[in-house]
Trainee: 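Right, I'll just put the structure down here and ask away after.
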Amino acid sequence: MPCPSSNKNTPTHITQINLHHSEAATTQLRKRVEVQHNFITLIQEPWIRAGKVQGLSNTKGKLYYYTQHEQPRACIFTSKNIRAHLLTDYCSRDNCAIKVTDEQGREFVITSTYMPEAEDPPPAELTRLTHYCESEGLEILIGADTNAHHQLWGMDRSNDRGITDSPLCRACMGDEETASHVILHCPAVQEYRVKHLGSPRTLPEITDNIKGLLGFFGELGWLE
Ligand SMILES: [Zn+2]
């Protein structure tokens, strides 16, 4: 990702967050980013009142969102020194896209996207936007709340979007999801491994421990 900042020596902080329409969360976010010299914040479900995003449009930053809907669910808040403009053709209630120009004059696209559970993802505007970026040779960064749920991520339940057909381990995404990886090595499930299985070094060590295995995979939510 090229640095879009006006100051080469200062990194640009890029954050993605769902604010759940909360005034308090908005205040916390604003306090955090306002001390950063360069920031781009990709927000879903911002705090709204009377059709307008609240709490972010002040002198410290620039706020971008689709204003043709009473309850926009995606917006982008940047520091004032980020050169960008709204890509209105690709914006909607659930998609906010901007084109950023870095100090070398290179352009790239950043989008904040909300994917409601009741609708088939991704939003049509995001699909069109990715086609546009492909045709123009533009890099794109997508910051999304996809509403993908999995118990492994601390959710009460899993949903279809939280289930992947990738061969990579769904917990750490760092290695293939084999039995030995998950049971013996995966760093992301270490806490559950110790709790249910101890610290096994080989698979034969735990083949008698059916109760432990069921507890382990049950807590991961992988028995469903
Ligand atoms: Zn893993």
Side-chain angles (χ1 to χ4, degrees), residues 1-4 11-20 29 32 36 39-45 74 76 94-95 97 100 108-117 119-123 126-127 129-131 133-134 137-224:
M1 170 65 60
C3 175
T12 298
H13 299 266
I14 299 180
T15 306
Q16 179 264 323
I17 187 169
N18 184 317
L19 291 174
H20 294 288
L29 173 69
R32 206 185 82 168
Q36 297 168 342
F39 65 84
I40 299 174
T41 308
L42 310 172
I43 298 164
Q44 295 84 45
E45 299 199 288
I76 297 177
D94 291 328
N95 205 60
V100 179
F108 56 96
V109 170
I110 297 184
T111 185
S112 169
T113 306
Y114 182 74
M115 301 186 191
E117 273 198 277
E119 296 173 20
D120 283 337
L126 180 59
T127 302
L129 178 65
T130 54
H131 291 160
C133 291
E134 284 169 1
L138 291 164
E139 288 188 68
I140 181 171
L141 174 70
I142 302 170
D145 178 348
T146 62
N147 273 302
H149 298 162
H150 201 287
Q151 285 159 301
L152 195 59
W153 307 326
M155 315 285 193
D156 293 336
R157 60 185 176 77
S158 302
N159 64 8
D160 287 347
R161 294 184 193 177
I163 297 169
T164 173
D165 56 4
S166 164
L168 290 177
C169 170
R170 73 195 93 169
C172 69
M173 301 294 285
D175 212 334
E176 196 172 340
E177 190 179 298
T178 61
S180 63
H181 168 75
V182 176
I183 294 170
L184 303 177
H185 305 299
C186 178
V189 301
Q190 170 75 3
E191 180 185 341
Y192 301 134
R193 180 186 302 120
V194 170
K195 178 177 171 185
H196 294 283
L197 300 170
S199 301
R201 282 173 296 176
T202 63
L203 288 179
E205 277 182 49
I206 45 84
T207 46
D208 290 339
N209 187 1
I210 298 300
K211 190 178 170 200
L213 279 170
L214 289 174
F216 177 62
F217 284 108
E219 192 149 7
L220 296 183
W222 293 3
L223 292 177
E224 293 169 15

Trainee: Can you name the residues that form a side-chain hydrogen bond (donor to acceptor under 3.5 Å, both in side chains) with H149, not counting sequence neighbours?
Mentor: none
Trainee: Do D175 and L168 have side chains that get closer than 4.5 Å, going by heavy atoms?
Mentor: no
Trainee: Taking E177 for the side chain and R170 for the main chain, is one N or O donor matched with an acceptor at less than 3.5 Å?
Mentor: yes
Trainee: Does M115 reach the side chain of L126, with side-chain heavy atoms less than 4.5 Å apart?
Mentor: yes
Trainee: Which residues satisfy the side-chain contact (heavy atoms from CB on, under 4.5 Å) test with A148, sequence neighbours excluded?
Mentor: T146, W153, R161
Trainee: Is the shortest side-chain heavy-atom distance between T113 and P123 below 4.5 Å?
Mentor: yes
Trainee: With sequence neighbours left out, write down each residue that passes side-chain contact (heavy atoms from CB on, under 4.5 Å) with L138, or none if nothing qualifies.
Mentor: K99, E107, V109, Y132, C133, E136
Trainee: With sequence neighbours left out, what residues match E176 under side-chain contact (heavy atoms from CB on, under 4.5 Å)?
Mentor: P167, T178
Trainee: Is there any salt bridge (Lys or Arg N to Asp or Glu O under 4.0 Å) pair reaching into residues 178-202, and which pairs are they, with sequence neighbours excluded?
Mentor: K195-E219
Trainee: Could you pull out all residues at least two apart from F39 that satisfy ring pair (Phe, Tyr, Trp, His ring centres under 6.0 Å)?
Mentor: F77
Trainee: What residues form a side-chain hydrogen bond (donor to acceptor under 3.5 Å, both in side chains) with D94, not counting sequence neighbours?
Mentor: R73
Trainee: According to salt bridge (charged side-chain N to carboxylate O under 4.0 Å, His left out), who are the partners of E117, at least two apart in sequence or on a separate chain?
Mentor: R157
Trainee: H20: which residues meet the side-chain contact (heavy atoms from CB on, under 4.5 Å) condition with it, sequence neighbours left out?
Mentor: N18, E45
Trainee: Mind checking what makes side-chain hydrogen bond (donor to acceptor under 3.5 Å, both in side chains) contact with E119, not counting sequence neighbours?
Mentor: none
Trainee: Suppose we screen for side-chain hydrogen bond (donor to acceptor under 3.5 Å, both in side chains). Which residues come up paired with T111, at least two apart in sequence or across chains?
Mentor: N95
Trainee: Keeping the roles fixed (side chain from Q190, backbone from H185), state whether a donor-acceptor pair exists under 3.5 Å.
Mentor: no
Trainee: Between N159 (side chain) and N147 (backbone), is there a donor-acceptor pair under 3.5 Å?
Mentor: yes
